[in-house]
Structures are given as structure tokens and as C-alpha cells.
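Letters A, B, ... mirror the listed sequences (proteins, then strands); counts begin at 1. When reading the values below, keep in mind they use all heavy atoms of this one structure, side chains included, and skip hydrogens, waters and symmetry mates.
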Protein chains: 2
Amino acid sequence: MTARRSDATRAAILVAARERFAADGFERATIRAIAADARIDPSMVMRYYGNKEGLFAAAADFDLRLPDLGDIAADRVGTALARHFLDRWEGDDTLMALLRTAVTKEAAAERMRSVFAQQVGPVAARLAPDPGQAATRAGMIATQMLGFALCRYILRLPPVVTLSPDEAAAWLAPTIQHYLTGEAAAGAEETGRRGQP
Amino acid sequence: MTARRSDATRAAILVAARERFAADGFERATIRAIAADARIDPSMVMRYYGNKEGLFAAAADFDLRLPDLGDIAADRVGTALARHFLDRWEGDDTLMALLRTAVTKEAAAERMRSVFAQQVGPVAARLAPDPGQAATRAGMIATQMLGFALCRYILRLPPVVTLSPDEAAAWLAPTIQHYLTGEAAAGAEETGRRGQP
DNA sequence: CCCGTTTGCCAACAACCGTTGACTTGATCT
DNA sequence: AGATCAAGTCAACGGTTGTTGGCAAACGGG
């Protein structure tokens, strides 16, 4: 397939869409505002992306780009993961657009689920000491990383915003490492039982 | 001030508003839908709460209701906090309404910030080994608790949804405890420096 | 050079939203 | 009983949004 003459316009729309979705979320980001940012007519957005959901799907196409962790000592993976997540968040509007939208749109939440299941899950599966708990371990890592992003980039809690990237990584790394390779939490020994009682 | 005749209506509006805000977020929850749930006219909402933001402010008035932790051993506070947070989330729509809205509305984000600063902050200030790091420790606790709530109740990541409350508390407690009283993360020794370089 | 296709703009529609004001009903007090 | 005021209903307005179809200009192959 050869390059179309409208590729520049398509790309401009996508950039503007990512910025608006990241800054305002899905509902408050209007097609008119996105089109104005991209200096084109709103109807162009419809022509190239069908409708607002199609535009979002194209703008929020995301990959964590986790590096190969094979050559990293198992007890240093926590640090590597924490740093990678932070780098990924700082430079890319896509993750923020996805998170802001996933809170209110089921389709975006589903994409968020698949990102973590397909990209963090395998890492846990390879490094977790207990294969049966790998999914849970990946899930707990997601809670910590998404929670950190939520507090730092969206809610902007002052003590979390103030942290330098190095400090942030230093706080997060032991938690990630613990969820990944630390002792599993049984949790059912006090008042309940695993799964449904 | 004596009880007004309209108190039942006011309360019905508030209940319906909390449910809608919690389920749909601020923008997708319409005054018309809330009024329909409460079986009254939309104009009643305006009369009693001024406008949509006033309604939200009334519906999202929230208190963590942290218990007195004075009589709990310092090394068991993590467990107590984790359990309390979980209880608070399970039973009350208010927190979900607040979180769903805080992601896109600055006023709600500000309320979220003050909730954690004024309610979690003091706990950290009393138990942290290093007073200067108390705010940071409270912030990291917020990242973990809000991240867990985000993944379990809003994004519904399967491995996090599946956990029983006891299992969840067992996973969260060591992390909270570590953020509260564990060794502080220096974090600036590798490539950066604390605060601005 | 001409004709079909792509690219873009313009105006408009239909739906929905928050919000308002006027009117009716019902309770309460003298 | 009649006056007063709160409680509730109804219809509408102004604005915004996603979306559509028609039309003009630019482009490119024959």
C-alpha cells in the first residue's frame, strides 16, 4: 500500500486527539476541539476514523514495550520494571489518555485489562516462584503502578508529584519486587478462606 | 433548625446521585437520569442543590473514618489500615463517585487530595520514624490504596477482582506497613539528586 | 488537457444537556 | 376558612455535541 496524500492530516489528528484525550478524558475532549488543534475541519475526523470511538481506538493504541528482562538478575527486576514504567509514563500521552478514559468507558477498561494481562502477566509467569499465583502477582503489580500514575499524573497528590524519578523508583522497586518474587500472601487464615467461603 | 418537609426528597436525590456518579462518572451521569431514579422532576435538583456541581459536592462529601490506631501495635498498623480501606470501599458508593470524577474534574481531584492529606497524613506523621518523610510515606500509601481500588472496582482486572477481602488485605498489608514504618528510600544515589538537580 | 478521485470546507440537523421561570398542588397557621 | 408559603410539575430556552451530505478545489493518470 502506497503512502496516501492525507497521511499528514491523519497523523495531525491523532496527535491532537491524544493530547486532548490525555488532558480532558473521553467525554470532555470534543471532536471540534481536536479538529481545531489539528487545524482541520471536524468532518475530516469522521471521514478518517469513522466516529469518536474509532478515533479514540486509534489514538489509544498502546504498548508497554517491556524490555527483555532475561539478562537481569531476578532480584533486580523490581527496579528495572519500576524505572521502565516511569519512563513510559513521562514521555507518552497515550497512557494518560487510556487511563483517563478507562475510568468511564468500558471499551477502554477492556483494553487496559488486556495490556496488563498480555504484557505484565508473562513476566510474572516467568519469574514467580509459584506458577498458580502468577496472575495475582501481575495484578498486584498493576495496582501499584497504576495507582502511582493515578496519584502523580492525574490526581497530582503533592508528595507524590514532588518525588524525583529516582526517588519514585526507589520507593516502588521493593514493592514490585515483593509482589513478583516475594512470599505469597495466604490471607485466608484469619477470618475467611481462599476464594468463595 | 427544624426538619423540613422536603428532607425525604433531598435524601432520595442524594442517594440516586451517588449511585449514578459512582456508576457513570460526572459527565455521563445526567441530572435527568438522577431525577428519574429519585422519581422527581429535574428542576427539584436545581432548587435544592443549585447546579450539577453543587449536587456532586453534596453527594461526594466523604470521610475515610479512620479509626483510632493508638491502641494497635505499630507493626500491625499496616494490616489494620488495609482492612479498613477495604471495608470502606466495599460498602460506600461515595468513594467510587469521588474517584471516577476526580480523574476528569479538578474540584474532585482537590477534594481527593485533601482527604488524603488531612486523614492519612496525620497517621503517617505519628508513626513514621522520620518526620520529614511523613508526607511522602502517606503519599505512597495513597498510591497503593487508590491503585488497588482502581484496579478492583473500576478497571476490574480479573486477578484483582477475584481476590477475597482477606487475601487482598494480606497482599496489601506488608506494602502499607513498609511505606509507613519501613526503611525510607533514598533513591537519588544513582543518577540524580533529591528534588531539583 | 481532461476526467475521475481524493482532500477539504461549509452549513445544517437531530439529539441531548443543564438550567430557568411560570404555574398548580398541598400543607400549615391564624 | 382563607391566606401564606413550601413542594412539586410542566414546558421551554439556549447551547453544545456527534454526525451527515453537498459542494469546491487540488491532484494525478491517460
Is a side-chain donor-acceptor pair under 3.5 Å present for S164(B) with D166(B)?
no
From CZ of F56(A) across to P of dT17(D) the rounded distance in Å is 19 Å
Of dG28(D), dC10(C), dG22(D), the nucleotide closest to the side chain of R47(A) is dG22(D)
Exam field: side chain D68(B) to backbone G70(B), donor-acceptor pair closer than 3.5 Å
no
For R4(A) and dG28(D), what is the distance between atoms CZ and C1' respectively, to the nearest whole Å?
17 Å
Provide, to the nearest angstrom, the distance between the CZ atom belonging to R28(B) and the P atom belonging to dG18(C).
13 Å
Can you identify which nucleotide, out of dG18(D), dG8(C), dG8(D), has its nearest atom closest to the S6(B) side chain?
dG8(D)
Whole-Å distance, D41(B) CG to dA11(D) P, equals 10 Å
Side chains of Q177(B) and T181(B) only: does a donor on one sit below 3.5 Å from an acceptor on the other?
yes
Looking at S43(A) and dC10(C), is any side-chain donor or acceptor paired with a base atom of the opposite kind under 3.5 Å?
yes
Among dT9(D), dG8(C), dG18(D), which nucleotide sits nearest the side chain of R32(A)?
dG18(D)
Atom-to-atom span, CE of M44(A) to P of dG8(C) - whole angstrom
6 Å
For T9(A) and dG8(C), is the shortest distance between a side-chain N/O and OP1 or OP2 below 4.0 Å?
yes
Of the listed nucleotides dT20(D), dC27(D), dG22(D), the one nearest the side chain of M46(A):
dT20(D)
Calculate the interatomic distance between R5(A) atom CZ and dG8(C) atom P; express it in whole Å.
8 Å
Among the candidates dG18(D), dG8(C), dC9(C), find the nucleotide nearest to the side-chain atoms of K52(A).
dG18(D)
Check the surroundings of atom CD in E183(B): do more than 12 heavy atoms from other residues, nucleotides or ligands lie under 6.0 Å from it?
no
Separation of dT7(C) C1' from R39(A) CZ (nearest whole Å):
19 Å
